[in-house]
Each structure stands twice: as C-alpha cells, then as structure tokens.
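Working notes, structure below.
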Protein chains: 2
Amino acid sequence: MITRMKELRAIRKLTQADLAKRVNVRRETIVFLEKGEYNPSLKLAAKIAKQLESRIEDVFIFDEEELIE
Amino acid sequence: MITRMKELRAIRKLTQADLAKRVNVRRETIVFLEKGEYNPSLKLAAKIAKQLESRIEDVFIFDEEELIE
DNA sequence: TTATAATGTTATATATTTATAACATAAAGT
DNA sequence: ACTTTATGTTATAAATATATAACATTATAA
C-alpha cells in the first residue's frame, strides 16, 4: 500500500501534529502511516481522508495484487 | 458504523464461508464484521469491497459524527 | 548562527483485530 | 424426520495497530 497522505497534507498545509490532533491519534501514528508501515483501521482511514478532503481510495492506494489471494 | 456486507453478499450469492475464503480470513471474522462488532483494517475492507464489486464507502458506512470528535 | 518548529526514530505498553477451535441453532433439501 | 449447509456464539491465543515517552535530525525563521 502506498499513501498520498504526505502530499495531500502539504496541500492543505497541515503539519503531522495538526492532522494527528484532528483525527485523534498520536503524531507518531501519522509518521508510521505515511511511511506505509501499517495498515490503518478503516475508521482511522476514513477520518484521515475526511480531513484531507479526499476519498479513502485516493489517499491509500493498493496494488491490484495486494487485494487478491 | 453500519455495513451492507450481508445484503451485498446475498446479491452476489456468496456464503459467509465463500467470502471468507476469497478475502483470506476466517468465517467468524465475517460474522463479526457483519454484526458491526469491529472495525476492519483498511486492507481487509478493500478486499471485501472488491469481492462485493462495490466501493469501500458503499459497503461500510460511517455516520458523520463518528468521523468527528 | 541560534532558536524553534517539524519530522523522524526507537523501545515498550496497551488495545483491538484476527485466528483458532468447538459447539449451537437455523434453514433447506432429501 | 434426517442430513447437510449456512449462520451464529463463546472462549482463548496470536498478531498487529495505536499509545506513550524520550530523544534525534532536518528545515525554517529570527
């Protein structure tokens, strides 16, 4: 999974800390997500997409093959 | 969060076991998800949506307020 | 250049998802 | 009624997301 969080966050001029606060997680969590180091819960993904004024699938992008087998 | 999994699964004529196998989880996991008892990982949500030929947000529906604090 | 803000790192603890297994009930077919 | 298939339940274990805290590095502004 790759993510456009960092890019979208920059566009909205939000710092990691800003975003973390808005979606109610720790800033470290945002760091890990931006590094693709983990797979957020759907709810967190939805909150983040909302703050980035985007759709979930435009923020978190899966390769076709990741979703098969 | 409410989910339309059960309904969409019925339309595609998939049993819980079928769907579980396709997305590589246990059937019990599907049961819990259909009951809304937990918040899947984004990746699992994406796999399920794919098998149900739907978009994530049409399968798992959040109330506005759930995404705000 | 120095201060401050922003980002990144690491280690450990806690919470929640998912797996596993065993059994129970319901529905559907014969 | 019996058999099979689908769904639901419960308890426990394992895996992984997230919290927490402390510190390191990089960028930016004064």
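Quick note: numbers below take in every heavy atom, side chains included, and nothing from hydrogens, waters or symmetry partners. Per chain, numbering begins at 1; letters A, B, ... match sequence-line order. Every value quoted in this text rests on a predicted model; they were computed, and no experiment measured them.
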Original post:
OP1, OP2 of dT16(C) versus side-chain N and O of S41(A): anything below 4.0 Å?
Top reply: no

**OP:** Ignoring backbone atoms, establish whether K13(A) has a side-chain N or O less than 4.0 Å from OP1 or OP2 of dA6(C).
**Re:** no

Subject >> Interatomic distance where CD belongs to Q16(B) and P belongs to dA27(C) [whole Å] >> reply: 13 Å

Original post:
Where each residue is assigned the nucleotide of DNA chain D containing its nearest heavy atom, which of A17(B) and N39(B) is assigned the position nearer the 5′ end?
Top reply: A17(B)

Subject >> Considering all heavy atoms, the nearest Y38(B)-M1(B) contact >> reply: O-CE, 4.4 Å

Original post:
Heavy atoms under 4.0 Å, any strand shown: does V25(A) hit a base, just sugar-phosphate, or nothing?
Top reply: sugar-phosphate

**OP:** May I have the distance from K21(A) (atom NZ) to dT7(C) (atom P), rounded to whole angstrom?
**Re:** 15 Å

Original post:
So, for K50(A) and L67(B), which heavy atoms are closest and what is the spacing to 0.1 Å?
Top reply: CD-CB, 3.9 Å

Original post:
Closer to the 5' end of DNA chain D via nearest nucleotide, is it T15(B) or P40(A)?
Top reply: T15(B)

Original post:
Less than 3.5 Å between a donor and an acceptor, one on the side chain of E28(B) and one on the base of dA21(C), is that the case here?
Top reply: yes

Original post:
CZ of R9(B) versus C1' of dA6(D): gap in Å, rounded?
Top reply: 9 Å

Original post:
Would you say dA19(D) has OP1 or OP2 under 4.0 Å from some side-chain N or O of T29(A)?
Top reply: yes

Original post:
Should the pair E66(B)-K47(A) be classified as a salt bridge under the 4.0 Å nitrogen-to-oxygen rule?
Top reply: no

Original post:
When all nucleic acid strands are considered with a 4.0 Å heavy-atom cut-off, which category describes N24(A): base, sugar-phosphate, or nothing?
Top reply: sugar-phosphate

Original post:
What integer distance in Å separates K35(A):NZ from dT25(D):P?
Top reply: 15 Å

Subject >> Between dT16(D) (P) and F32(A) (CZ): distance, integer Å >> reply: 15 Å

Original post:
Taking atom C1' of dT7(D) as reference, at what distance in whole Å does atom CG of L33(B) sit?
Top reply: 15 Å

Original post:
When all nucleic acid strands are considered with a 4.0 Å heavy-atom cut-off, which category describes K43(A): base, sugar-phosphate, or nothing?
Top reply: nothing

Original post:
So, is R26(B) near the phosphate of dT18(C), with a side-chain N or O under 4.0 Å from OP1 or OP2?
Top reply: no

**OP:** Quickly work out the R27(B) CZ to dA24(C) C1' distance and round it to whole Å.
**Re:** 11 Å

**OP:** Give a yes or no on this: more than 12 heavy atoms of other residues, nucleotides or ligands lie within 6.0 Å of atom CD of E65(B).
**Re:** no

Original post:
Would a distance-only check, ignoring hydrogens and angles, find a side-chain to backbone donor-acceptor pair under 3.5 Å from R4(A) to V59(A)?
Top reply: no

Original post:
For I30(B) and dT20(C), what is the distance between atoms CD1 and P respectively, to the nearest whole Å?
Top reply: 14 Å

